[in-house]
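Below, chains carry the letters A, B, ... as their sequence lines are ordered, and counting in each starts from 1.
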Amino acid sequence: MSGFQAPRGMRDLFGADAAAVTAVERAAYAAAEAAGYQRIISPIAEESALFERGIGGATDVVAKELYRLAPHAEDSTPLALRPEATAGILRAYIQHGMRSAPQPVRLVTVAPFFRHDRPQKGRYRQFTQFNVEAIGDAGPGIDIEVIELGASFLKQLGLTDVEVHFNSVGCSGCRPAYAAALRAHFAPIEGELGEVDRTRLRDNPLRLLDSKDAAAVRRAESAPALPGHLCDACAAHADVVRAGLDVAGVKVIDAPRLVRGLDYYSRTAWEYLLPGVEGQQGALGGGGRYDGLAALIGGTATPAIGFAIGVDRVVHALHDRKIETGAVAQPLTVICGIGEGSIGERIRLASLLRATGSAARADVTPRKIGKQLEGASRDGAVAVIIVEPDGRYSLRAMIDGKQEEPTDEASVLRAVAALVKRT
RNA sequence: GUGGCCAUCGUUCAAUGGUUAGGACCGCGGUUUGUGGAGCCGCAGAUGAGGGUUCAAUUCCCUCUGGCCACCCCA
């Protein structure tokens, strides 16, 4: 037995698992591209500094979960595996001058990301995300579009009970005042808070609303609500988004305590959740507006919004609910033969059939005809072509075992087509 | 990163401080020699790795690796 195994938190997907991931990935691209989003394929590594500045050096994602690459001697720029999509995509937007394209620029990618976290079901060190980003539009309309896109994608997959939790986290103008209010609210119980929460009180009081600590949770109940502290512009923006989503048919649950994990979000923030699912797996995805990010990473200020949906979690959810994702297999023809001398001919025929657009495979294993038929049967073949020792063909319909003997190649192809059509 | 539970053929389950660690499924082959699905027969295949305790360990202990759960965080 080999001593090697896949690295912790990274998986080999094959068979039904690979098919499910592929199906979700296809559905994601189909949904986004139908809505006018263009694919972007960006590097899986970026300069570490991009993440440090963009995502925030104090966030867990950067501070302890970043995969930093050991640099080659001749390279001076430290690189890291991407822990999320947005920073890299926005970097691409800036680098390639996409602001001179019609705005907003709509982009989509389904790709792997990396975080060095303790793995669990639905949480892996290499995970796949469906990312949608709309860059260059400050208005509330694009918020509605993007939120609706993710919600209807999940519904179309069969996750009809997905909930959209919605909040506004304010902007650089109004958030400081709210943070101060929160700080004042929690300050009296500082002594009862855990170490983590005390740090939060100091650095990022918004995250206190997310705490699991009993004292903090109790205090959070009576905490001042974020909506009441939004500036007029932020409040108006949120109202338009909420109203628009309602008209668009997306039911939204107001979540005044919803805050996102990364620093760059402003105003609109939301999550896609499955009710009643244990632990993290119910958190299918989330998104937000990140109007300040472009300036943070050295571009001109550019408003933008996007979401990330965890493909692995979607796959788990579909599996738990026994929702089928597999693509229907094309009717298969297997080309067998008697005598190994015909193997080249079998492959030639298989290739010919594929060129006509039907699925075909030659049996190339040295084994007798009975075993070849057994294999074809198990693969679910509808037709088997047998190359006889004298070079003639037999065509066997696997459903009833009836054989015919087409005289030439053209009639073989015709007969196969007829069989395939019948299924 | 912290804490807990776990680890036997590819899969799923047995068993034991002491002969060749057993079954089922899957795979491969055979069933009188050129025709699939059933049945029957056979073959292959495992104690995750490394230390220790012991006359003897798959079984007890430790470390590592990996999985799962909770926390942290997040997709």
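Base pairing analysis places B:U8 opposite nothing; no Watson-Crick or G-U wobble pair with both distances below 3.5 Å involves it. Across all strands shown, B:C26 forms no Watson-Crick or G-U wobble pair with both key distances under 3.5 Å. Pair assignment for B:C55: B:G18, on the basis of Watson-Crick or G-U wobble contacts that are both within less than 3.5 Å.
Donor-acceptor pairing under 3.5 Å is recorded for the side chains of A:E388 and A:S394.
Between A:D379 and A:R361 there is a salt bridge, since at least one side-chain N of the basic residue sits less than 4.0 Å from a carboxylate O of the acidic one. At a threshold of 4.0 Å, the pair A:R321-A:D161 counts as salt-bridged, since one of the basic side-chain nitrogens sits closer than that to a carboxylate oxygen.
For A:Q129 and A:R118, each mapped to the nucleotide of RNA chain B holding its nearest heavy atom, the one lying further toward the 5' end belongs to A:R118. Nearer the 5' end of RNA chain B, as judged by each residue's closest nucleotide, is the contact made by A:K368, out of A:K368 and A:Q126.
Across all strands shown, A:I309 has no heavy atoms under 4.0 Å from either base or sugar-phosphate atoms. Residue contacts shown for A:R378 are limited to sugar-phosphate atoms, with no base heavy atom under 4.0 Å away. Counting any heavy atom pair closer than 4.0 Å across all strands shown, A:Y124 reaches a base atom. Nucleic acid contact for A:G375: none, since no nucleic acid atom lies under 4.0 Å from a heavy atom of the residue. Residue contacts for A:P389: at a heavy-atom cut-off of 4.0 Å it reaches a base atom on one of the strands shown.
The cationic atom of A:R39 (NZ for Lys, CZ for Arg) lies less than 6.0 Å from the six-membered ring centre of A:Y29 and within 45° of the ring axis.
The aromatic ring centres of A:F307 and A:F130 sit less than 6.0 Å apart.
Ring stacking is absent between A:F113 and B:A75, as the pair misses the limits of under 5.5 Å between centres and under 30 degrees between planes.
Side-chain to base pairing of A:E388 with B:G34: one donor and one acceptor N or O lie within less than 3.5 Å of each other. In terms of polar N and O atoms assigned as donor or acceptor, the side chain of A:Q372 never comes within less than 3.5 Å of the base of B:U35 in a complementary pairing. Between the side chain of A:R8 and the base of B:U65, no donor-acceptor pair under 3.5 Å is found.
The shortest distance between the side-chain N/O atoms of A:Q120 and the OP1/OP2 oxygens of B:A70 is below 4.0 Å.
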